[in-house]
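Down below is the structure, laid out as structure tokens.
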Amino acid sequence: MDLSALQIAPRIEEAETLPGWVYASPEVFELAREGLFREAWISVGSEALPRVPGEALPLTFAPGLFDEPLVLIRGEDDELRCLSNVCTHRGMLLLDGRCQLKGIRCRYHGRRFGLDGAFRSMPEFQDAESFPRPSDDLPRLELGRLGPLAFTSLAAGVPFEDWLGPIRERLSFLPWDELRLDAEGARTYRVEANWALYCENFLEGFHIPYVHPALAGAIDYGSYRTELFEWGTLQLGVAQDGELAFELPSDHPDAAEQIAAYYYWLFPTTMLNVYPWGVSLNVVEPLGPDRTRVRFLPYVWRAELAEQGAGAGLDRVEREDEAIVEAVQRGVSSRLYERGRYSPRRERGVHHFHCLLSQALRRRASGAGGGRA
Ligand code: FES
Ligand SMILES: [Fe+2]
């Protein structure tokens, strides 16, 4: 595998896109799993977070990619923690479904842990030496929060606030803690395409007039633009005259504009589409080189504004995108396609993504591992 071909020129004006074989290669997928996703911040799931001390919510983290058994537990101290759901004795799974607890007891041989994951007791271990050790506690993962949205990472490569901070800062006027998950409105899509093709389609509005005629009527293509930040991008959809827009505080940097939607993407697989009705969190779940699951989780502030403006008809927009992305998967696998070029006006987000992806993959391939791109 010639990873030098993954190099992306930093100047978009001269850069070429990723070569087509990248999207079908099992080796590249494996490289991404260990070198990229393991260090990535990923949404912890699709259920409401535990709110009461002692409440626990077991979950499978990154299903289909890592299938890591974790549990979110709110301790007696009211802190929400993310712990391994695997007993440190011989690996039994600890908790089964949402429950209310005073402590955790493994049902295999009776090992006990506190709600903070600390080892408490173990029968029949009086003669074990150097026991217990810190490794007998349940491993704890960092948990990053934005209102009811929660993210964790198996080996965080970037501090959470470096990753999510630009959203928190730009949208500090929104009442994040008042957002509520609308579990019934959640949708899951299977896309027969590489996860990166799904992301790069999200990262440009270039295709909107061609692929999404209804959406094109709600936002003004001429003022549509992309801003880049270290670990992500923001695309600003400006409302057409008379279409629904945010009521921004007068001192907000975007106050002069009628913003219909803030489309955020955070490297590598998180999308937050922020509309006046609430947030559509898109979780992209890579399953294989040419298989991806995408979950749409709606978090709502003002349900009465749903189905208006740019935040309307999201299911239709998604199906339009899926058909395109699946066709592109077949196209980039063609023996006659090598790689393309970027529009410097319309594809800065795609270029930024390719640069981040190429850095992460090449760093992993060179054995550097760990740390930041
Ligand atoms: S596996 Fe948990 S106590 Fe043995
Ligand atoms: Fe689209």
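Just so you know, ligand 1 is whichever comes first in the structure, and atom 1 is the first atom listed for that ligand. All of these numbers come straight from a predicted model, not from anything done at the bench. All residue numbers refer to positions in the sequence shown, counting from 1.
- Checking Glu320 against the Fe ion (ligand 2), every N/O/S atom stays at or beyond the 2.8 Å cut-off.
- Close approach of ligand 1 to Met92 (heavy-atom distance below 4.0 Å) involves ligand atoms 1 (S).
- The pair Glu55-Arg51 fails the salt-bridge criterion, with no side-chain N (NZ, NE, NH1 or NH2) lying under 4.0 Å from an Asp/Glu carboxylate O.
- Using a 30° and 60° split on the angle between ring planes, Trp163 and Phe160 fall in the tilted class, from 30° to 60°.
- Taking the six-membered ring where the residue is Trp, Phe119 and Phe131 present perpendicular rings, their angle passing 60° and hence far from 30°.
- Looking from atom 1 (S) of ligand 1 to the surrounding protein, the closest heavy atom is Arg90 N, 3.3 Å.
- Enclosure of atom CD in Glu14 by more than 12 non-hydrogen atoms of other residues, nucleotides or ligands within 6.0 angstrom is indicated.
- Taking the six-membered ring for Trp and thresholds of 30 and 60 degrees, Trp301 and Trp176 have ring planes more than 60 degrees apart, a perpendicular arrangement.
- Of all the N, O or S atoms in His109, the one closest to atom 4 (Fe) of ligand 1 is ND1.
- Set against the non-hydrogen atoms of Tyr108, the atoms of ligand 1 under 4.0 Å away are 1 (S).
- In this structure, Tyr262 and Phe246 have tilted ring planes: the angle between them lies in the 30° to 60° band.
- With the Fe ion (ligand 2) as the vertex, OD2 (Asp321) and NE2 (His212) define an angle of 100°, rounded to 10°.
- Residue side and main chain included, His89 places an N/O/S atom under 2.8 Å of atom 4 (Fe) of ligand 1.
- Near Arg111, with a cut-off below 4.0 Å to any heavy atom, the atoms of ligand 1 are 3 (S).
- Asn194 and Asp290 share no side-chain donor-acceptor pair at under 3.5 Å.
- For His207, the N, O or S atom with the smallest separation from the Fe ion (ligand 2) is NE2.
- Atom 4 (Fe) of ligand 1 has no N, O or S atom of Cys106 closer than 2.8 Å.
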